[in-house]
Amino acid sequence: MDNQLIVKNADGKDEAIHVIDIITDNETGKKYLFYTRLESDEIYASILRETEGAFVLETITDDSEWELVEEILKSQIIVEGEANE
């Protein structure tokens, strides 16, 4: 599968995920990863950090960050929907 990334899951084990997009917030410099797990079609979002050569996903806990992520996701869906019409 294209666009796979190996990350550390909550148990510290390597997990392959399918990357949909990586967005950088220009104000904070944080990177947000939109992805699916290989066994699921559900879309997830996490903060993406690179530590010691490994990619680590951090849970988004701040409400304002969730609002930002939801707006990004909504704009992506609208843009893709218009492009497919």
Side-chain angles (χ1 to χ4, degrees):
M1 181 179 277
D2 295 338
N3 299 323
Q4 281 192 16
L5 183 65
I6 304 298
V7 297
K8 298 280 183 193
N9 65 20
D11 298 326
K13 296 180 182 177
D14 288 346
E15 178 180 358
I17 59 172
H18 175 74
V19 176
I20 297 169
D21 206 352
I22 299 172
I23 304 291
T24 303
D25 181 3
N26 293 331
E27 291 182 24
T28 64
K30 284 187 179 180
K31 292 183 180 184
Y32 296 94
L33 176 69
F34 296 89
Y35 64 98
T36 60
R37 290 194 163 100
L38 298 184
E39 70 279 355
S40 171
D41 288 335
E42 188 171 344
I43 296 174
Y44 298 89
S46 294
I47 299 168
L48 178 65
R49 297 208 192 274
E50 187 172 358
T51 306
E52 299 175 10
F55 292 102
V56 178
L57 301 183
E58 294 182 6
T59 302
I60 299 170
T61 57
D62 185 86
D63 288 341
S64 62
E65 283 185 294
W66 268 120
E67 290 174 13
L68 172 67
V69 165
E70 288 174 351
E71 287 302 314
I72 292 169
L73 190 55
K74 286 178 187 175
S75 69
Q76 293 289 80
I77 290 170
I78 292 169
V79 168
E80 288 180 13
E82 290 175 354
N84 291 331
E85 291 180 2

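Position 1 is the first residue of the sequence, and the numbers go up from there.
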*Smallest separation among heavy atoms of A45 and W66, with atom names*: O-CH2, 4.1 Å

*Could you tell me whether the side chain of I47 reaches within less than 4.5 Å of the side chain of E65, counting heavy atoms only?*
yes

*CD1 of I23 to CG of D25: how many Å apart, nearest 0.5 Å?*
10.5 Å

_Residues which pass side-chain hydrogen bond (donor to acceptor under 3.5 Å, both in side chains) with T59, listed by chain and number, not counting sequence neighbours_ = none

*Side chains of K31 and R49: does their closest heavy-atom pair fall under 4.5 Å?*
no

*asked:* Other residues, nucleotides and ligands only: do more than 12 of their heavy atoms fall within 6.0 Å of CD on E50?
replied: yes

*Are I20 and I60 linked, directly or through other ILVMFWY residues, by side chains that come within less than 4.5 angstrom of each other?*
yes

*asked:* Any heavy-atom pair between the side chains of L57 and Y44 that's under 4.5 Å?
replied: no

*Verify the neighbour count for atom CD of E39: are there more than 12 heavy atoms of other residues, nucleotides or ligands below 6.0 Å?*
yes

*Reported OH-to-OG1 distance for the pair Y32 and T24, which is rounded to 0.5 angstrom*: 10.0 Å

_Quick check: do L38 and Q4 have side-chain heavy atoms less than 4.5 Å from each other?_
yes

_Are V69 and F34 packed together at the side-chain level, in the sense that at least one heavy-atom pair is separated by less than 4.5 angstrom?_
yes

*Can you measure from CD1 (I6) to NZ (K13) and round to the nearest 0.5 angstrom?*
15.0 Å

_Please report the interatomic distance CG(L48) to CD(E58), rounded to the nearest 0.5 Å._
9.0 Å

*Does a sphere of radius 6.0 Å around CG in D41 hold more than 12 heavy atoms from other residues, nucleotides or ligands, not counting ones at 6.0 Å or beyond?*
no

*Tell me, do I17 and L33 make a side-chain contact under 4.5 Å, heavy atoms counted?*
yes

*Atom pair CG (L68) and CD (E27), whose distance is rounded to the nearest 0.5 Å*: 8.5 Å

